[in-house]
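Structure, as structure tokens:
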Amino acid sequence: AGDSEYSEYSLAELAELEDTVNWNMSAKYETAPQLKAPYSAGRLTDDCLNNLRNQINFFRTIAHVDTVELNEQYCTYSQAGSVLNYVSEFSHYPSKPSDMDNYFYQTAYKGTSSSNISWEYGSNAIMNSLISCLDDSDSSNIDRVGHRRWILNPNMGDVGFGCTQEGSGKSIWNMYAIDNSNASGTNADFTAWPGGNKVFPSEYFDTNQAWSIHLKTSTFSIPLKGAVKITLTRESDRKKWTFSGVSDSTTSKKYFNVDTGGYGSSYALIFRPDMDVSEYSGKYTVNVTGLQTTSGQAAQIKYTVDFQELAGVIPVPKKPYKVTNVVSGIHVYWKSVDGAVKYGLWRSEDGKDGTYKWIANSTATHFIDTTVDSGKTYYYKVTAINTANVHTEKSEALGMRFVATPDITTRMNRSTGIGLGWNKIDGATGYAIYRRTYWGTDPWVRVATITNPNTLSWTDTGVKDNNGKTYR
């Protein structure tokens, strides 16, 4: 026992995931809630709901837990629940206002009784609510970190959100949490916060927060507080903190507890050291003994958390979104990346999975590669570069076959019209001929399509005597 399915994520990948969340978003409504009879729940916009989903998925990812999807029915319950909490008591089991329709009350009650709920103030209170619930280290919640265990429940597959707020005043947030639709989707024996065995963004865990390990109930028997021993070791100087049944304290910063209540799908080991630094940095190793499996065998858990700052890390660029043939070469386009001061362009001449060589830096989000040969295929990847001139990892690749633009080499008047000739282009499967007048701003009009790549001449019989037409 003691295994966990830790996914490997680099800081750049986590920065990219963090960038999918608008951390300053305020509550936005497709339909505003009605807070007086006849009550109506309203609905958050899709952008707002998707942003909340991205937020919870960011935290689940850094805890190495499967991501979740929005469930429309859960959102209905949560939104109605937030209205009920707003106009009645702030409770999982609020009473029914006398002027509230019973059907609305039952729908809303389903939300409040099955959700994490939060009361915040401010323009971006809706985004602070999940963070507060994930912290869960105040004196009212540290003994069980129940909100955190629901947020990081590995059995959760679907989630719903609701929020009621007027302006930047009181905000009531609901997250429908009691879902186990992913019960067969995880094999991990435990979940940890902060998540271990790979980098963890230090910005999202401070020294006031309690650590917690959530034990899978089908793997571990009920843990006994008097038997469990946890050792936390700071690898930089080998300093150790030890937690056992005698170190429980609610009056000092150091804390230890074991909770076996029904939060999420786990038992919880909860501990907080009396740290001698103001923030976490570097590697900390957690070692847990005194556990037993459901078959009665002794079990141990050991993992390492590597705290690193995410701030200033530049995400890996998305793959180029467009490559086009132009007269001078191949024009490559890509999206900008926050924090990048310039970009590196890398090219492969031996396939998508070939060897990529640096060809240029660009402060713009596009570049024309002029060192190309007609008939050859080229693939491109992009890196973002920071102020220290350090490149991110390369993006995914996008490529195309370059076909050069032919030159019109002959033009002559004939009795049948104007005759044109051009040079043969390697890689061409045919040629298109366009015409317009010498003067004015008339658009170019395609007047002929040559489907044989070996045909290198054509006569425009639609005009006579070189009467002011130009071609390309």
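Since we're looking at a predicted model, the values are computed, not measured. When reading the values below, keep in mind they use all heavy atoms of this one structure, side chains included, and skip hydrogens, waters and symmetry mates.
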Problem - Listed once per pair and sorted, the salt bridge (charged side-chain N to carboxylate O under 4.0 Å, His left out) pairs that draw on residues 121-138, sequence neighbours left out - result: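 Checked against salt bridge (charged side-chain N to carboxylate O under 4.0 Å, His left out) - neighbours excluded - no pair reaches residues 121-138.
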Would you say that more than 12 heavy atoms from the other residues, nucleotides or ligands in this model lie under 6.0 Å from the [atom1] of [X], or not?
X	atom1	value
K96	NZ	yes
D353	CG	no
K239	NZ	yes
E396	CD	no

What are the two closest non-hydrogen atoms of [X] and [Y], and how far apart are they?
X	Y	value
S95	L84	O-CD1, 3.9 Å
N325	M400	ND2-CE, 3.4 Å
V87	L35	CG1-O, 3.7 Å
L269	I230	CB-CD1, 4.1 Å
L134	Q209	O-OE1, 4.5 Å
S278	T207	O-OG1, 3.5 Å

How long is the gap from [atom1] on [X] to [atom2] on [Y], to the nearest 0.5 Å?
X	Y	atom1	atom2	answer
T392	E16	OG1	CD	9.5 Å
K302	T289	NZ	OG1	11.5 Å
N24	N22	CG	CG	6.0 Å
F161	N71	CZ	CG	11.5 Å
L215	Y267	CG	OH	9.0 Å
L44	S82	CG	OG	7.5 Å

Any side-chain heavy-atom pair of [X] and [Y] under 4.5 Å:
X	Y	value
D206	E279	no
I301	F220	yes
I131	W23	yes
K254	F243	yes
D143	D259	no
R347	K357	no
L398	Y321	no
Q79	P33	yes

Check: [X] side chain, [Y] main-chain N or O, donor-acceptor pair, under 3.5 Å:
X	Y	result
E30	R43	no
R238	T233	no
S221	Q292	yes
S395	V382	yes
W193	G195	no
T112	H92	yes
Q165	G122	yes
S362	A364	yes
K110	A80	no
N182	P154	yes

Exercise for the section: I would like to know whether Q106 and N102 meet side-chain contact (heavy atoms from CB on, under 4.5 Å); could you show each step before the answer? Expected result: CA-CA 6 Å; Q106 293 299 327; N102 189 60; 3.7 Å; yes
Practice task
Apply side-chain hydrogen bond (donor to acceptor under 3.5 Å, both in side chains) to Y378 and D369, showing your working.
Solution key: CA-CA 10 Å; Y378 300 88; D369 180 10; over 6 Å; no
Exercise for the section: Would you please classify the geometry between the Y109 ring and the Y105 ring as parallel, tilted or perpendicular, with 30° and 60° separating the classes? Expected result: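 If you compare the ring of Y105 with that of Y109, the planes turn out tilted.
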Practice task
If the plane angle is over 60° it's perpendicular, under 30° parallel, otherwise tilted; pick one for Y280 and F205.
Solution key: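 Ring orientation, 0 to 90° scale: tilted.
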Exercise for the section: Take H214 and S266 through the test side-chain hydrogen bond (donor to acceptor under 3.5 Å, both in side chains) and record every step on the way to the result. Expected result: CA-CA 5 Å; H214 313 157; S266 61; 4.7 Å; no
Show every donor-acceptor pair shorter than 3.5 Å between a side-chain atom in residues 332-342 and any protein atom, with sequence neighbours excluded, or say none if there are none.
residue, atom, partner, partner atom, Å
Y333, OH, H331, ND1, 2.9
K342, NZ, N389, OD1, 3.3

Using residues 169-176 as the side-chain source, report each donor-acceptor pair under 3.5 Å to any protein atom, sequence neighbours left out, with the distance given to one decimal.
residue, atom, partner, partner atom, Å
K170, NZ, Y86, O, 3.3

Exercise for the section: Could you go through the side-chain contact (heavy atoms from CB on, under 4.5 Å) check for S137 and R148 one step at a time? Expected result: CA-CA 10 Å; S137 300; R148 179 189 293 177; 3.8 Å; yes
Exercise for the section: Answer yes if the side chains of N153 and S265 hold a donor-acceptor pair under 3.5 Å, and no otherwise. Expected result: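 Note: N153 and S265 side chains meet the donor-acceptor criterion.
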Problem - No-hydrogen, no-angle side-chain donor-acceptor test under 3.5 Å, S132 and E120 - result: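 Judged by distance alone, the side chains do pair up.
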Practice task
Assert yes or no for the condition that the ring centre distance of F58 to Y204 is strictly below 6.0 Å.
Solution key: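 Between F58 and Y204, the centre distance is under 6.0 Å.
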Exercise for the section: Run the ring-centre check on Y303 versus F190 and record whether the distance is less than 6.0 Å. Expected result: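 Distance test on ring centres: under 6.0 Å, yes.
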Exercise for the section: Take K28 and D47 through the test salt bridge (Lys or Arg N to Asp or Glu O under 4.0 Å) and record every step on the way to the result. Expected result: CA-CA 8 Å; K28 299 181 185 300; D47 282 349; over 6 Å; no
Practice task
Using ring pair (Phe, Tyr, Trp, His ring centres under 6.0 Å) as the criterion, list what pairs up with F402, not counting sequence neighbours.
Solution key: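 In terms of ring pair (Phe, Tyr, Trp, His ring centres under 6.0 Å), with neighbours along the sequence ignored, F402 is linked to no residue.
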Exercise for the section: Could you give me the CA-CA distance, side-chain angles and deciding distance for D158 and V68, then say whether side-chain contact (heavy atoms from CB on, under 4.5 Å) is met? Expected result: CA-CA 5 Å; D158 288 345; V68 294; over 6 Å; no
Problem - Partner residues of A432 under the side chain to side chain contact (heavy atoms under 4.5 Å, CB included) criterion, sequence neighbours left out - result: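 Side chain to side chain contact (heavy atoms under 4.5 Å, CB included) check on A432 returns Y434, R446.
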Exercise for the section: Just do the side-chain contact (heavy atoms from CB on, under 4.5 Å) check on T324 and K322 with the steps written out, would you? Expected result: CA-CA 7 Å; T324 60; K322 184 170 68 172; 3.7 Å; yes
Practice task
For E69, enumerate each residue passing the salt bridge (Lys or Arg N to Asp or Glu O under 4.0 Å) test, keeping only those at least two apart in sequence or located in another chain.
Solution key: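 Listed in chain order: nothing, the list is empty.
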Problem - Residue among W358, Y343, W346 satisfying ring pair (Phe, Tyr, Trp, His ring centres under 6.0 Å) with H391 - result: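 Considering W358, Y343, W346, a ring pair (Phe, Tyr, Trp, His ring centres under 6.0 Å) with H391 is found only for W346.
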